[in-house]
Amino acid sequence: MKLYNTMTKRKEEFIPLHEGEVRMYSCGPTVYDYFHIGNARPFIIFDVFRRYMEYKGYKVTFVQNFTDIDDKMIQRANEEEITVKELADRFIEEYFKDADGLYIRRADYHPKATEHIDDMIAFIQKLIEKGLAYQAGNDVYFDTNAFKDYGKLSGQSLEDLEIGARIEIGKAKRNPMDFALWKGQKPGEPAWDSPWGPGRPGWHIECSVMANKYLGETIDIHSGGQDLIFPHHENEIAQSEGVNEKPFARYWLHNGYINIDNRKMSKSLGNFFTIRDISAEFDLEVVRLFMLSSHYRNPINFSRELLEQAEAALERLYNARDNLEYLISNAEDKAPSDEEREFLEKLPEFTADFERAMEDDINTADALGVIFELVREINTSADKGLSANAHQASLETLNKLTGLLGLLNKQKGKLDEEIEALIQEREKARAEKNWALADKIRDDLKKEGIILEDTPQGVRWKRV
RNA sequence: GGCGGCAUAGCCAAGUGGUAAGGCAGAGGACUGCAAAUCCUUUAUCCCCAGUUCAAAUCUGGGUGCCGCCUCCA
């Protein structure tokens, strides 16, 4: 498995710290609102990565946090006249609704910042003891000048960063790049007791602390959006390596942005679509396929047209599966022909190609291409007169590969007896060349959401 | 100013030295009572210029255009 590591700017062979295990931490949402499709990208792509590593036999421990206390949380809670806790509880629930719709599996741990305040205080104390942090008034700051590797992830020297810094030098800070570990309470803000007085943790410290707590001092993989490289991940490294004096993460994975009209989609620009918005018009599985149709590090544009393309592509996948299931239930049991043997020999090549794509830095676009090649092979096999056994093998391969990408989750289900009877009635009408009746039944069923297709192998149905 | 990314058909998109995957849309054809599904065929001076090489979408240099990070952001 090769992964592009932001730290080294190269693809590297993945070697876990502990044999057979993957410990990964992915930065999760700040739960002050519904998440948008830009947020959804890392959730989806790293969910796929996790599925794939499990498929490869690794024991994966996946942690994704919820940031449930920060400036935005406080501001939104004030606007809505509810507590920060109430706001967080609500949007954590909404997170899971949307994540479920996208078939994003639950992490092994979803730690919340507010439930780790004591751990954070202890961590900050260690930083102070090591001379890497200082108290200024009721705040505590990380002393970036005291950490020699500061800037190594983003490839920036502290000097360069300072030249470009747009940030105003806080009165209490020694250096413009220093960042808050602990913020003293301001009027009306929620606060926790600490050695520095009542206050709340800075944003960056939670990830260092929770990654350390759930995954250890050195983790295998840390992932998130490219916009977190600086300052968030840079600061996490400073904190974690400052305290532990060990590498924090072995591989840093960062996904590219979702753009609207070629501009980054972000809450601050206001040009975003939430997953909740999209779900009103599209099945969220379409969004999932859309996300996987390009490589995760490339930027992707978002538009309705592109979702429609993804929708059509997804339907092709479902058609292939439906057709296969139909063939299985109707194929004869018979001895395999030479053609069948050839087909069955070829089948594993698709899995091999798929794996090759995935192991090249999670190239889901290429992997999807392999699935579509498999689909053509399957569709072509329909009239080869293969045995049920052969079709079953095709189905298993298709399900395996699409399952690794988290696609084709919906099951077809069964038809009501009433509708079953109508289909039989139509078949009878067709046999009698009573096209008027046959077409009427087909139209009526379409209104019920059932589409009938008369294939060379027989009549088939699917839901709209 | 510093750091980084991208440019492949109408749209989307893989492909890091050997002569352009795949999806969507369109066109033509096959199958079909019709429709659908499916299959076959079809659409690319790989942004420009120069260089390296037997060979370049791929490497090097120089352009051009677009985007991102350096402030909260996935």
Side-chain angles (χ1 to χ4, degrees), chain A residues 6 9 11 26-30 35-46 70-72 75 151 154-157 159-168 176-177 203 223-232 234 254-259 262-269 272 289-290 293-295 297-301 303 305-317 319-320 322-323 326 353 357 360 363-376 378-383 430 433-436 438-439 442-443 446 451-457 459-460 462:
Chain A
T6 307
K9 297 186 174 68
K11 280 186 200 173
S26 204
C27 289
T30 302
F35 67 88
H36 61 66
I37 58 174
N39 300 310
R41 190 174 193 187
F43 302 157
I44 292 169
I45 187 71
F46 298 121
D70 84 329
D71 293 345
K72 293 190 297 289
Q75 189 191 337
S154 51
Q156 300 268 7
S157 70
E159 282 177 352
D160 292 336
L161 285 165
E162 284 172 25
I163 290 166
R166 279 177 268 167
I167 190 168
E168 283 184 31
M177 298 321 292
W203 172 39
S223 59
Q226 278 170 356
D227 45 359
L228 296 185
I229 295 171
F230 190 91
H232 185 53
E234 197 71 74
H254 292 99
N255 60 278
Y257 304 117
I258 307 283
N259 294 153
N262 233 24
R263 299 204 71 99
K264 175 184 174 182
M265 176 188 299
S266 76
K267 290 197 174 169
S268 47
L269 291 175
F272 63 91
L289 185 131
F290 165 72
S293 63
S294 64
H295 184 87
R297 284 190 287 112
N298 292 150
I300 39 181
N301 255 305
S303 70
E305 188 195 353
L306 294 174
L307 277 191
E308 284 167 357
Q309 290 186 8
E311 189 171 44
L314 182 63
E315 193 178 353
R316 180 166 164 83
L317 296 181
N319 279 336
D322 285 356
N323 297 351
Y326 181 88
D353 287 347
D360 183 15
N363 193 336
T364 56
D366 204 4
L368 260 177
V370 174
I371 290 179
F372 280 104
E373 284 171 8
L374 171 66
V375 162
R376 166 161 300 142
I378 286 171
N379 288 335
T380 308
S381 76
D383 49 25
R430 288 182 68 222
K433 299 196 190 297
N434 183 350
W435 310 126
D439 290 351
R442 186 168 62 189
D443 289 346
K446 193 173 181 184
I451 302 231
L452 295 186
E453 296 172 350
D454 303 319
T455 74
Q457 290 83 27
V459 64
R460 220 163 40 204
K462 66 179 178 186

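- A/D71 meets the side chain to side chain contact (heavy atoms under 4.5 Å, CB included) test with A/K183, A/R200; sequence neighbours excluded.
- The residue among A/K264 and A/T380 whose nearest nucleotide of RNA chain B is located toward the 5' end is A/T380.
- With both pairing distances under 3.5 Å, B/rU38 is matched to B/rA30 as a Watson-Crick or G-U wobble pair.
- Among the nucleotides B/rC69, B/rA37, B/rG2, the one closest to the side chain of A/D160 is B/rG2.
- Listed by chain and number, the residues in a ring pair (Phe, Tyr, Trp, His ring centres under 6.0 Å) with A/Y257 amount to none (sequence neighbours excluded).
- Nucleotides B/rC59 and B/rG17 are separated by 8 Å at their P atoms, to the nearest Å.
- Across all strands shown, A/H295 has heavy atoms under 4.0 Å from sugar-phosphate atoms exclusively, and none from any base.
- A distance of about 14 Å separates the C1' atoms of B/rA13 and B/rC6, rounded to the whole Å.
- The heavy-atom pair separating A/F290 from A/N301 by the smallest distance is CZ-O, 3.2 Å.
- Across the C1' atoms, B/rG26 and B/rG15 are found 25 Å apart, a figure rounded to whole Å.
- In this structure, A/G224 reaches the sugar-phosphate backbone alone: every heavy-atom distance under 4.0 Å involves primed, P, OP1 or OP2 atoms, never a base.
- Comparing atom distances between the A/D227 side chain and each of B/rC72, B/rC69, B/rG4 picks out B/rC69 as nearest.
- Candidate nucleotides B/rG33, B/rG15, B/rA74 were compared by shortest atom distance to the side chain of A/W435, and B/rG33 ranks first.
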Exercise. Take nucleotides 17-32 of chain B nucleotide by nucleotide from the 5' end and write B, S or -, depending on whether a protein heavy atom sits under 4.0 Å from the base, only from the sugar-phosphate, or from neither.
Key: ----BSBB--------
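- A/N323 places its CG atom 15 Å from the P atom of B/rA36, with the value rounded to the nearest Å.
- In this structure, B/rU71 forms no base pair with any nucleotide, since neither Watson-Crick nor G-U wobble geometry is met with both distances under 3.5 Å.
- Projected onto RNA chain B by closest heavy-atom contact, A/E453 and A/D439 fall at different nucleotides, the more 5' of which corresponds to A/D439.
- What separates CH2 of A/W203 from C1' of B/rU71 is a distance of 11 Å, to the nearest Å.
- The nearest whole Å value for the distance from the CG atom in A/N301 to the P atom in B/rA7 is 13 Å.
- Within the shown strands, B/rA50 is the pairing partner of B/rU60 under the Watson-Crick or G-U definition, both distances less than 3.5 Å.
- Listed nucleotides B/rA37, B/rC34, B/rG33 differ in distance to A/R442; the shortest reach to its side chain belongs to B/rC34.
- Side-chain N or O atoms of A/H295 include none that pairs as donor or acceptor with a backbone N or O of A/N298 at under 3.5 Å.
- Contact annotation for A/L452: base contact, defined as any heavy-atom pair under 4.0 Å involving a base atom.
- Among the atoms of the strands shown, none is found under 4.0 Å from any heavy atom of A/F290.
- Base pairing annotation: B/rC6 forms a Watson-Crick or G-U wobble pair with B/rG65, both donor-acceptor distances under 3.5 Å.
- Contact between the side-chain N/O atoms of A/N262 and the OP1/OP2 oxygens of B/rC67 is not found at any separation under 4.0 Å.
- Put simply, the side chain of A/K264 reaches to within 4.5 Å of the side chain of A/D227, judged on heavy atoms.
- For A/S268 against B/rC72, a side-chain N or O and a base N or O form a donor-acceptor pair under 3.5 Å.
- Taking every side-chain heavy atom of A/K9 into account, B/rG4 is the closest of B/rA74, B/rA37, B/rG4.
- Using a 30° and 60° split on the angle between ring planes, A/H36 and A/F272 fall in the tilted class, from 30° to 60°.
- Distances were taken from every side-chain heavy atom of A/N363 (C-beta onward) to each of B/rG2, B/rA14, B/rU38; the shortest belongs to B/rA14.
- In this structure, A/N298 places its CG atom 11 Å from P of B/rU8, rounding to the nearest Å.
- Annotation: B/rU8 and B/rU32 have their C1' atoms spaced 38 Å apart (nearest Å).
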